[in-house]
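Working notes, structure below.
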Amino acid sequence: MRQKLVIGNWKMHGSLAANAALLDGIKAAPARARLAVCAPFPYLAQCQATLAGTAIGWGAQDVSTEVRGAFTGEVAAPMLAEFGCAYVLVGHSERRSYHGETDATVATKALRALESGLTPVVCVGETLAQREAGETEAVVGRQLAAVVEALSIDQLGKIVLAYEPVWAIGTGKTATSEQAQAVHAYLRGQLASGSAAASADVAARMPILYGGSVKPDNAAELFSMSDIDGGLIGGASLKAEDFLAIGNA
Ligand code: PGA
């Protein structure tokens, strides 16, 4: 039985004062799911100071493909590890589209995260045009395959996968639970046997989160699906009450 995991993606939101209130709110009540927040880099120290010793994890939203060196503006995985990060998002669609991250870049970032003991949350998802063209499985399958090829089976067994249809992110349009379940089942099937073949055991244990306009009122239905193991939450992770409600859904 895979434990439910709910991760907040704060994106480029927050301030020291707002984060303090949000984190205090999240800490104040227990949640049935395992919780974590992915904060902007400057706030990782605040997350570490506030959340250390609690059951709530924290992480970053991106990581460099490089480990050190002359890469102005980049942040390396060992640096994230120093701030106690458990997780790092890799391949979020906003990184893929605004920063030109390729499947190969995303796979390298996942590898760097693992090498520093972090859990990469590998994001995959199709655009509306791709869905309408019937390409959803081909797109997410290709995105997954790049990561599978870059990692050993042992490493693959340590990642978290997140299916985030691009058309559902920040739009208020959620995939129906059936649409999401179908893609999650496809991804798990690919892991077990398809072109991205890993092993049945890794596939069965892999947490696959759904992201894209998850709110307190739709989380329970999404999370009730057999291959949906929790959520990657953007907008609704910025309100403690909503985030906790999703963590309890
Ligand atoms: P959203 O964002 O919940 O605001 O749609 C999800 C994400 O981009 O991770």
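Remember, it's 1-based here, ligands and their atoms both numbered in the order they're listed.
- At a 4.0 Å heavy-atom cut-off, ligand 1 touches I169 through backbone and side chain alike.
- For ligand 1, the atoms lying closer than 4.0 Å to a non-hydrogen atom of E164 are 6 (C), 7 (C), 8 (O), 9 (O).
- Near A168, meaning under 4.0 Å from any of its heavy atoms, are these atoms of ligand 1: 5 (O).
- With K215, H92, K173, E94 as candidates, the residue nearest to atom 8 (O) of ligand 1 on a non-hydrogen basis is H92.
- No hydrogens or angles considered: nothing links the side chains of T108 and T105 as a donor-acceptor pair under 3.5 Å.
- Shown here is R32, whose CZ atom has no more than 12 heavy atoms of other residues, nucleotides or ligands within 6.0 Å.
- In this structure, OG on S237 lies 7.0 Å from CG on L22, to the nearest 0.5 angstrom.
- Residue contacts with ligand 1: G170 is included, with a non-hydrogen atom under 4.0 Å away.
- Counting only distance, with no hydrogens or angles, the side chain of W58 and the backbone of F83 share a donor-acceptor pair below 3.5 Å.
- In the candidate list A162, P165, G234, S237, G234 is nearest to atom 6 (C) of ligand 1, counting heavy atoms.
- For ligand 1, the atoms closer than 4.0 angstrom to any heavy atom of G212 are 5 (O).
- The environment of CD in E115 is crowded: more than 12 heavy-atom neighbours from other residues, nucleotides or ligands sit within 6.0 Å.
- Each of L89, L144, V147 was scored for a side-chain contact (heavy atoms from CB on, under 4.5 Å) with V122, with one residue passing: V147.
- Side-chain N or O atoms of E126 include none that pairs as donor or acceptor with a backbone N or O of R131 at under 3.5 Å.
- Within ligand 1, counting atoms from 1 as listed, the ones closer than 4.0 Å to a heavy atom of K11 are 2 (O), 7 (C), 8 (O).
- Proximity to G235 (heavy-atom distance under 4.0 Å) selects the following atoms of ligand 1: 1 (P), 3 (O), 4 (O).
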